[in-house]
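Treat the numbers as computed from the prediction; the structure is a model and nothing was measured. Because only heavy atoms are used, hydrogens play no part in the values below, and waters and symmetry mates are left out as well, while side chains stay in. Nothing fancy with the numbering, it's 1 onward along the sequence.
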Amino acid sequence: MTDTPARLLSLLSLLQTPREWPGSELAERLGVSPRTIRRDIDRLRALGYPVEATMGAVGGYRLVAGTAMPPLLLDDEEAVAIAVGLRAGAGHAIEGVDEASVRALAKLEQVLPSRLRHRVSTLQAATVPLTRGDGATVDPRTLTVMAAAVTGLERLRFGYRSGDGTETKRQVEPYRLVSTGRRWYLVAYDLGRADWRTFRVDRVSDPFATGARFTPRELPSGGDEAEYLSRSIARMKPTPERELTLDVTFLAPVEFVVARLPGHLGAPEATGPDACRLRGTVTDSLEWLALRLALVDCAFTVHAPEPLTDHLRELGARLTRAAGTATGPGGSPGSPGSPGSPGCPG
């Protein structure tokens with residue numbers, strides 16, 4: 001093999017196998033002399049790859065852990081496995097690995113051949129992770145498009161659905177992606193509103209980079225995107241002066257409900273073998289409370305607060321409209337209490 005760059009890549013691929021390679025075996029594999037192997041090893045070391053050599057009859061070369069992370073070579077199966085794992089980590093806002101997953105996934109998918117990208121998408125579509133969380137999952141492709149735009153300083157266009165269901169088109173200068181451990185947010189300068197905004201990424205649709213570059217603006221709050229996001233979220237939540245008194249009856253055993261409710265909402269009390277009641281004071285948003293109550297996955301009745309019952313009524317109407325003209329068994333409209341009707345566990 002006379003092509004030096006190609007030979008170095010082949011040598012590196014062999015060394016990344018967790019074993020020790022005698023110089024003679026490497027020379028035979030690559031069709032060069034042991035002297036050429038020694039020179040190539042020196043080239044890899046100069047590039048930052050920590051190649052260790054041992055002497056003696058059973059000595060050889062092996063790649064060891066160094067002080068920095070050098071580039072790695074992956075075969076097809078390894079690339080697919082890593083991409084699937086990164087997509088899972090990025091799609092669920094897992095504190096500590098979420099943002100790193102998006103950065104790594106953006107780099108990997110940029111160079112992933114189309115045949116492997118198709119395999120990754122097929123695998124992800126055919127599997128369902130057994131996870132529970134308070135936040136909505138996000139399409140990793142949405143995150144990687146946004147991450148690339150943030151890094152490349154490119155303006156973004158996307159559709160956005162607000163909390164009340166209003167659909168709008170946005171063009172922004174993306175600043176940072178931020179994960180709260182429960183949800184992903186994009187901090188960006190909204191060109192249409194001429195002001196800074198935060199966007200929940202699970203409400204974003206069809207994002208694409210326009211190719212138009214921009215010079216980053218100075219973010220309020222001293223350039224700290226996490227602090228800016230915290231202030232933005234706090235403005236959307238009820239204040240302590242507007243605390244809500246929560247009173248909900250669940251038609252399920254208390255153990256079932258406790259296992260599915262966030263702990264800060266309090267502990268429900270059993271009112272019978274298959275019923276319990278939750279009372280307490282909360283400062284969460286109505287939207288979030290409605291979602292969490294629905295995720296308990298049993299029939300429930302909200303006695304208070306009234307704004308929450310109003311929100312649930314409006315949400316139920318929207319969901320009914322979204323379902324269209326669904327009918328029950330035999331072609332008649334589904335009625336409350338019938339199998340598969342809204343609000344009843346199947």
Side-chain angles (χ1 to χ4, degrees), residues 86-87 89-111 133-239 242 283-288 291:
L86 289 174
R87 281 190 172 196
H92 302 272
I94 305 170
E95 189 172 2
V97 301
D98 37 27
E99 296 179 49
S101 294
V102 172
R103 292 198 305 271
L105 184 58
K107 292 177 182 178
L108 181 58
E109 292 204 340
Q110 183 178 358
V111 298
D134 295 337
T137 59
V138 177
D139 186 345
R141 288 171 295 184
T142 297
L143 287 171
T144 54
V145 168
M146 290 183 163
V150 169
T151 303
L153 299 177
E154 287 188 68
R155 289 178 178 173
L156 268 176
R157 287 184 184 273
F158 53 81
Y160 191 69
R161 176 179 51 81
S162 63
D164 62 4
T166 303
E167 301 279 353
T168 56
K169 297 293 184 182
R170 303 297 184 97
Q171 181 176 193
V172 304
E173 296 176 352
Y175 186 78
R176 288 290 187 278
L177 277 167
V178 183
S179 169
T180 64
R182 200 176 84 186
R183 290 192 180 102
W184 279 103
Y185 291 87
L186 174 69
V187 177
Y189 186 83
D190 191 321
L191 296 171
R193 275 71 175 171
D195 198 4
W196 289 92
R197 291 288 190 272
T198 57
F199 301 93
R200 271 181 48 177
V201 177
D202 58 293
R203 293 177 177 169
V204 169
S205 61
D206 303 320
F208 70 94
T210 65
R213 305 285 179 175
F214 66 90
T215 301
R217 303 170 190 264
E218 184 176 350
L219 181 71
S221 74
D224 187 332
E225 59 273 6
E227 181 181 347
Y228 178 80
L229 176 63
S230 297
R231 291 179 181 177
S232 178
I233 293 175
R235 287 195 296 268
M236 295 185 290
K237 283 192 173 184
T239 62
R242 294 168 54 207
T283 58
D284 296 288
S285 67
L286 296 176
E287 177 186 330
W288 186 82
L291 172 65

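Evaluation of the side-chain contact (heavy atoms from CB on, under 4.5 Å) rule for R161 yields E167, R203 as partners, not counting sequence neighbours. Remark: F214 pairs with L153, R155, E173, P174 by the side-chain contact (heavy atoms from CB on, under 4.5 Å) rule, at least two apart or across chains.
Across P207 and V145, no two heavy atoms sit closer than the pair O-CG1, 3.7 Å. Taking all atoms of both residues into account, the shortest heavy-atom contact from L156 to A209 is CD2-N, 3.9 Å. Between R217 and Y189, the closest heavy-atom pair is NE-CD2, 3.2 Å.
At least one side-chain heavy atom of W196 sits less than 4.5 Å from a side-chain heavy atom of P220. Within the 4.5 Å cutoff, no side-chain heavy atoms of L186 are placed close to those of V204.
Considering OG1 of T166 and OH of Y160, their distance stands at 11.0 Å, rounded to 0.5 Å. Rounding to the nearest 0.5 Å gives a distance of 9.0 Å between CD of Q171 and CG of D190. Note that CG of D206 is 6.0 Å distant from NZ of K169, once rounded to the nearest 0.5 Å. Going from atom CE of M146 over to atom CH2 of W184 covers 11.0 Å, rounded to the nearest 0.5 Å.
No side-chain donor-acceptor contact under 3.5 Å links R197 to the backbone of V172.
Taking a cutoff of 4.0 Å between a charged side-chain nitrogen and a carboxylate oxygen, R200 and D202 qualify as a salt bridge.
T168 and R170 share a side-chain donor-acceptor pair at under 3.5 Å.
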